[in-house]
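What follows is a short report on a single structure.
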Amino acid sequence: MKNLRKLLALMLALAMCLSLAACGGSSDDDTDSGDSTGDTSSTDSGDSSGTDESGDGDGTAEEVTITWALWDYESTAYWSALKEGYESTHEGVTIEVIDLGSTDYMTQLATQLAGGNSELDVVSIKDIPGYSDLINLGLLEAMNDNLTIDEADFNGVLEQLTADDGNFYAVPFRSDFWVLYYNKDIFDELGIEYPSNDLTMEEYDALARQLTTGEGSEKIYGTHYHTWRSDVTLFGILDGEHTIIDGEYDFLTEYYNLVLSEQEDGICMDYGELKTSGLHYSAAFENGQAAMCPMGSWFIATLQTYNSEAEANGVDEVNFGIVKYPHPDGVEAGTTLGTVTSLGVNTNSENKEAAIDFVNWCASAEGADIMASTGSFPAVSTDDTVSIISATEGFPSDENSLEALNTVAVYLEMPLSSYASEIETILNTEHDAIMTGAETVEEGIANMNEQVQAILADE
């Protein structure tokens with residue numbers, strides 16, 4: 001079967017990499033003590049569940065070192081913040097970081113874990129295809145019975161990380177979700193009311209058309225779509241009934257028709273021209289070329305930085321706001337798409353209980369507050385984290401922007417699938433053909449259906 005062939009090939013490749021790399025890895029020997037932001041129920045300082053150990057009765061904590069695999073430690077603020085926060089509230093615990101870099105991180109991680117390696121305890125999960133491979137190789141500990149946080153707090157994401165055996169093998173601690181950005185100055189100049197936090201697709205399309213003005217270099221587009229496939233197709237999975245891994249894509253037809261109609265009418269920039277010019281969505285929005293832009297929550301920090309440096313760079317600040325992602329009729333406002341960064345535990349870890357406690361802590365209220373303090377969105381959002389993020393310098397001060405941070409359901413852009421990489425390649429190819437006019441919507445959808453179904457049938 002194809003799954004078995006794929007698994008055996010991956011295991012062989014890993015074994016070859018292992019023999020060459022000898023399981024080596026670069027280590028950042030950080031011993032920062034950090035400071036405490038408080039304690040939670042999952043990190044009791046007394047007699048915890050065997051992970052925050054009280055020693056041999058003399059009141060001193062037992063020394064334990066947790067080895068944590070991740071990427072881009074020096075340039076990513078939340079890694080060190082979590083490390084220092086945990087160490088400062090867990091006496092006797094040291095976290096040793098193994099930075100594998102961002103290039104081919106998941107392949108590097110699988111190589112490190114191959115052959116029963118017990119040196120790594122906690123592993124960061126960067127993407128769904130790599131996560132699926134680690135599960136297939138039996139390298140991650142099942143977390144269902146180890147999670148100390150209410151599963152409902154993850155807004156359905158854990159279900160989307162659950163494998164066919166009914167177990168999930170990673171716990172999200174960071175989540176980015178899609179919202180709608182808008183330029184307040186453009187709305188004000190046209191005397192148009194700002195978008196609401198309950199914007200249907202029909203209302204969104206009408207608003208984009210109303211906001212489109214000017215010609216040539218002076219033209220302002222009503223909305224902007226980046227060249228990612230997700231900018232178009234993710235509208236279709238907001239109903240919770242469809243995913244992009246099921247092999248049936250007729251439900252995407254109406255969304256392709258909507259965006260192509262806007263493109264034909266000059267409401268958004270031409271996809272082919274964007275591909276040729278390489279214009280980034282951030283530039284299009286920051287330069288005032290687009291009144292609206294659907295994009296992930298990570299763009300907030302980008303705009304905050306842009307505005308903080310605007311005077312020094314001789315450019316105008318962007319007076320922006322955000323509202324909840326547009327949604328189809330019948331879908332509750334606040335339903336959106338997302339990506340997550342998760343933590344797992346090496347099934348061969350010699351510090352398994354301590355590793356599990358650290359994973360739980362990172363996803364807990366205390367870990368979430370620390371994530372928010374770095375400007376990143378935690379997987380489990382609370383009123384406190386919303387307040388922390390909205391208080392960061394440059395966050396829009398209006399109530400609608402604050403409310404936009406509250407979601408009711410988050411569907412992963414790519415749910416767990418053994419064929420995630422192959423499906424992604426097919427969908428991206430057909431998306432490009434549809435958006436450039438090389439294929440009609442009907443032809444592109446038919447090709448998606450045929451090619452993905454062929455992959456799913458070969459199990």
[atom1] ([X]) with more than 12 external heavy atoms under 6.0 Å:
X: Asp150; atom1: CG; value: yes
X: Gln453; atom1: CD; value: yes
X: Asp164; atom1: CG; value: no

With sequence neighbours excluded, what pairs up with Tyr204 under the side-chain hydrogen bond (donor to acceptor under 3.5 Å, both in side chains) test?
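side-chain hydrogen bond (donor to acceptor under 3.5 Å, both in side chains) list for Tyr204, sorted by chain: Thr223, Tyr225.
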Just jot down the side-chain hydrogen bond (donor to acceptor under 3.5 Å, both in side chains) partners of Ser132, sequence neighbours excluded, or say none.
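For Ser132, no residue satisfies side-chain hydrogen bond (donor to acceptor under 3.5 Å, both in side chains) once neighbours in sequence are set aside.
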Do the two ring centres, one from [X] and one from [Y], sit under 6.0 Å apart?
X: Tyr325; Y: Phe235; result: yes
X: Tyr194; Y: Tyr182; result: yes
X: Phe377; Y: Trp298; result: no
X: Phe299; Y: Tyr281; result: yes

Considering only heavy atoms from C-beta outward, does the side chain of [X] approach that of [Y] to under 4.5 Å?
X: Met371; Y: Thr385; result: no
X: Leu207; Y: Pro195; result: yes
X: Tyr249; Y: Leu427; result: yes
X: Cys362; Y: Asp357; result: no
X: Tyr105; Y: Leu100; result: yes
X: Tyr73; Y: Val97; result: yes

Test log, rule side-chain contact (heavy atoms from CB on, under 4.5 Å), inputs Tyr411 and Ile244:
CA-CA 11 Å; Tyr411 295 109; Ile244 62 168; over 6 Å; no
Give the intermediate values and the outcome of side-chain contact (heavy atoms from CB on, under 4.5 Å) for residues Val386 and Asn406.
CA-CA 8 Å; Val386 169; Asn406 294 315; 3.8 Å; yes
Taking NZ, NE, NH1 and NH2 as the nitrogens, is one of them in Arg209 or Asp265 under 4.0 Å from a carboxylate oxygen of the other?
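Yes, this pair counts.
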Can a salt bridge be assigned to the pair Arg229 and Asp432 using a cut-off of 4.0 Å between side-chain N and carboxylate O?
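Salt bridge absent between Arg229 and Asp432.
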Only counting residues at least two apart or in another chain, list the ones meeting side-chain contact (heavy atoms from CB on, under 4.5 Å) with [X].
X: Val408; value: Glu332, Thr335
X: Asp121; value: Ile66, Thr67, Ser349, Asn351, Ala355
X: Glu439; value: Glu430, Ala433, Glu443, Asn447
X: Thr374; value: Ala77, Tyr78, Ala81, Ser376

For the side chain of Asp231 and the backbone of His226, is there at least one donor-acceptor N/O pair under 3.5 Å apart?
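Such a contact is found between Asp231 side chain and His226 backbone.
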Steps toward ring pair (Phe, Tyr, Trp, His ring centres under 6.0 Å) verdict (Tyr181, His224)
CA-CA 10 Å; Tyr181 295 79; His224 182 79; over 10 Å; no
Val123: which of Ile98, Val345, Leu139, Leu140 passes side-chain contact (heavy atoms from CB on, under 4.5 Å):
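Exactly one pass, corresponding to Leu140.
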When you measure from the centre of the six-membered ring of Trp68, is the NZ or CZ of Lys83 closer than 6.0 Å and no more than 45° off the axis?
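No; the conditions do not both hold, so Lys83 does not lie above the ring face of Trp68.
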If every non-hydrogen atom of Gly344 is compared with every non-hydrogen atom of Val359, which pair is closest and at what distance?
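Closest approach of Gly344 to Val359: O-CG2, 4.3 Å.
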Hey, could you give me the CG/CG distance between Asn348 and Leu113, rounded to the nearest 0.5 Å?
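The CG atom of Leu113 is 8.0 Å from CG of Asn348, to the nearest 0.5 Å.
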CG of Leu238 to CH2 of Trp178: how many Å apart, nearest 0.5 Å?
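The CG atom of Leu238 sits 11.0 Å away from the CH2 atom of Trp178.
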Geometric class of the Phe173/Trp79 ring pair [parallel <30°, tilted 30-60°, perpendicular >60°]
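Tilted, since the angle between the ring planes falls between 30° and 60°.
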Using 30° and 60° as the class limits, which term best fits the ring planes of His242 and Phe251: parallel, tilted or perpendicular?
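Taking Phe251 first and then His242, their aromatic rings lie parallel (interplane angle under 30°).
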Audit row: Asn167, Ile135, side-chain contact (heavy atoms from CB on, under 4.5 Å) steps and yes/no:
CA-CA 10 Å; Asn167 293 311; Ile135 294 173; over 6 Å; no
Hey, are Thr253 and Asp250 close enough side-chain-wise for a donor-acceptor pair under 3.5 Å?
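No donor-acceptor contact under 3.5 Å links the two side chains.
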